Engineer: 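Structure provided below as structure tokens; questions to follow.
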There are 2 protein chains.
Amino acid sequence: MNTHEKILTTAAFLFQKNGYHATGLNEIIKESATPKGSLYYHFPNGKEELVAATIKLMGDKIQHQIEEELAKNSDPVQAIKEFILDLARNFYEKDQENCFSISLLALETVSISESLRKTCIEVYDLWTDTYYQKLISSGFSSEKATELSLILQLMIEGAITISLIRNDTTMLVAVAEKIPILLQK
Amino acid sequence: MNTHEKILTTAAFLFQKNGYHATGLNEIIKESATPKGSLYYHFPNGKEELVAATIKLMGDKIQHQIEEELAKNSDPVQAIKEFILDLARNFYEKDQENCFSISLLALETVSISESLRKTCIEVYDLWTDTYYQKLISSGFSSEKATELSLILQLMIEGAITISLIRNDTTMLVAVAEKIPILLQK
DNA sequence: TAATATGTAGACCAGTCATTATAATTATTA
DNA sequence: TAATAATTATAATGACTGGTCTACATATTA
């Protein structure tokens, strides 16, 4: 892993876990064992450029993971339910591979800059579209799929948020159980 | 309004809007026009004591507002739906009276201190219980009411979060429309 | 090899942070 | 009114922040 990647993955982990303001550049360079000069060489516009890059990185990575999980089951109800139960199962392994929420970052960006906020919205749109495609490919109408994919996005992000705050996966499981009634045609 | 209250309400507004780390004590004393000495006189343990007090304050205030709104309609489906639509209607008036979410603060507290996290959980429990009481008083079983009040809490907080990030109330309205199907017996 | 781009290394800067210390003021009570 | 408590008002503190700067090392190319 080169310096650029090391900085990016470390930053992604810390930003996602502790948020933008609670994560210092010094913490990032210490954790990634890279000098400050390198950080500003690879991200000349500093913290904001770095966090924008990590949001995009996480957005893409998570989208692929969602896609992968949903592909395991042709039935969308079962696929999405299993995906959420999987989130619950892996919840307590808090490593780089197990972050499926950018809520903290996204909420912070609202009062940081419009461009960062926009970056977060694009990530949410990307994830929502992944659910949308699954629903479409299972015969849902475009209208229904649009509405339901947004609700799915909301419930999953909400369940992760509450699980993080409570440090307890009950709500993830509860949402998983609600998927059938939510997706009834 | 005395100094104590002035500090508290200003802090509540700023913490809720910008989060814990993005809100400086200097900003609070400037905005509330109170000297720093007073802040540390009324809140000797500084920022953390202050934010704990604001979380409790907001928790209670919002609980009463929820109760009030829900009381306007005997039918729980209609009551909750109208409550959410009301949130959407008042969404763009971002003053002290119009904050119904502590998601940003709550997510931040996870990596600040256990005691702050606990304070947030108590607030969530308080709100959830308000929905629970409404459902119980409308004939829902205790089991059903427990499950549904948690889901309601999740969906409302989630919808506010997404509305804040998108600066757009579409998801609040969408969730309001989903209430009937969600609360079907 | 010489010259040039690419990247690394860390000291340094001005500003801000939460907090503390201390003085001055106001209110309360004897 | 005198004495004491309660509160306000700032200045100062050390730690830390994001960002800049320049020297140095390592590649790449001529």
Side-chain angles (χ1 to χ4, degrees), chain A residues 1-55 57 104-105 108-117 119, chain B residues 1-57 104-105 107-117 119:
Chain A
M1 191 151 46
N2 61 33
T3 309
H4 184 96
E5 288 171 336
K6 263 198 320 204
I7 293 171
L8 211 47
T9 56
T10 306
F13 180 64
L14 291 172
F15 278 138
Q16 190 272 335
K17 182 160 143 273
N18 301 328
Y20 181 79
H21 289 106
T23 304
L25 294 184
N26 293 324
E27 198 183 350
I28 293 171
I29 62 164
K30 192 178 174 189
E31 197 76 21
S32 62
T34 51
K36 192 167 270 192
S38 298
L39 196 156
Y40 276 90
Y41 175 78
H42 292 287
F43 303 93
N45 292 106
K47 199 178 184 181
E48 208 168 310
E49 182 182 353
L50 180 56
V51 81
T54 67
I55 290 169
L57 178 76
L104 173 52
L105 271 177
E108 283 185 290
T109 61
V110 171
S111 50
I112 297 173
S113 84
E114 271 300 295
S115 106
L116 280 181
R117 192 175 70 89
T119 305
Chain B
M1 190 154 41
N2 62 31
T3 310
H4 185 97
E5 289 170 336
K6 262 199 317 207
I7 293 172
L8 210 48
T9 56
T10 306
F13 180 64
L14 291 172
F15 278 139
Q16 189 272 337
K17 183 162 142 271
N18 301 329
Y20 180 80
H21 290 106
T23 303
L25 295 184
N26 293 324
E27 198 183 350
I28 293 171
I29 61 161
K30 192 177 173 188
E31 198 76 21
S32 62
T34 52
K36 194 167 273 192
S38 299
L39 194 155
Y40 276 91
Y41 174 77
H42 292 286
F43 304 92
N45 292 107
K47 198 176 184 182
E48 209 169 310
E49 183 182 350
L50 180 55
V51 81
T54 68
I55 290 168
K56 281 177 197 147
L57 178 75
L104 173 52
L105 271 177
L107 282 167
E108 281 185 292
T109 62
V110 172
S111 51
I112 296 173
S113 84
E114 270 300 295
S115 104
L116 281 181
R117 191 174 71 89
T119 304

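Owing to the predicted nature of the structure, the values given are computational and were not obtained by experimental measurement. Letters A, B, ... are given to chains in the order of the sequence lines, protein chains preceding strands, and every chain is numbered from 1.
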Engineer: For B:Gly24, report the nucleic acid contact type (base, sugar-phosphate, nothing); a contact means any heavy atom under 4.0 Å.
Structural biologist: sugar-phosphate

Engineer: Between residues 39-50 of chain A and DNA chain C, which residues have a heavy-atom gap below 4.0 Å?
Structural biologist: A:Tyr41, A:His42

Engineer: For DNA chain C, which residues in residues 11-19 of chain B have a heavy atom at a distance below 4.0 Å?
Structural biologist: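 Heavy-atom contacts with DNA chain C come from no residue of residues 11-19 of chain B; none.
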
Engineer: Taking five pairs at each end, how big is the angle between the two axes of the helix from C:dT1-D:dA30 to C:dA30-D:dT1, to 10°?
Structural biologist: 0°

Engineer: Is it the case that the side chain of A:Glu31 and the backbone of A:Thr10 share a donor-acceptor pair, with hydrogens and angles ignored and the cut-off at 3.5 Å?
Structural biologist: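 Not confirmed, A:Glu31 side chain does not pair with A:Thr10 backbone.
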
Engineer: Contact boundaries of DNA chain C with chain B (under 4.0 Å, heavy atoms), 5' to 3'?
Structural biologist: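 With heavy atoms of chain B under 4.0 Å away, the range is C:dC17 to C:dT20.
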
Engineer: Is the phosphate of D:dC16, meaning OP1 or OP2, less than 4.0 Å from a side-chain N or O of A:Asn26?
Structural biologist: no

Engineer: Below 3.5 Å, can you tabulate the donor-acceptor pairs from side chains in residues 48-55 of chain B to any protein atom, sequence neighbours excluded?
Structural biologist:
| from | atom 1 | to | atom 2 | distance (Å) |
| --- | --- | --- | --- | --- |
| B:Glu48 | OE2 | B:Ser113 | OG | 3.1 |
| B:Glu49 | OE1 | B:Asn45 | N | 2.7 |
| B:Thr54 | OG1 | B:Val51 | O | 2.8 |

Engineer: Can you sort out the partners of B:Lys36 under side-chain contact (heavy atoms from CB on, under 4.5 Å), two or more places apart, ordered by chain and number?
Structural biologist: B:Asn26, B:Ile29, B:Tyr40

Engineer: Return the value, rounded to whole Å, for the distance between atom CD1 of A:Ile29 and atom P of D:dT20.
Structural biologist: 15 Å

Engineer: When the ring centroid of B:His4 is compared with that of B:Phe43, is the distance short of 6.0 Å?
Structural biologist: yes

Engineer: Checking the side chain of A:Ser38 only, and the main-chain atoms of A:Thr34 only, is there a donor and an acceptor separated by less than 3.5 Å?
Structural biologist: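 Checking the backbone N and O of A:Thr34 against the side chain of A:Ser38, no donor-acceptor pair under 3.5 Å is found.
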
Engineer: Do the side chain of B:Lys47 and the main chain of B:Thr23 share a donor and acceptor less than 3.5 angstrom apart?
Structural biologist: yes

Engineer: Do B:Glu114 and B:Arg117 meet the salt-bridge criterion of a basic N to acidic O distance under 4.0 Å?
Structural biologist: yes

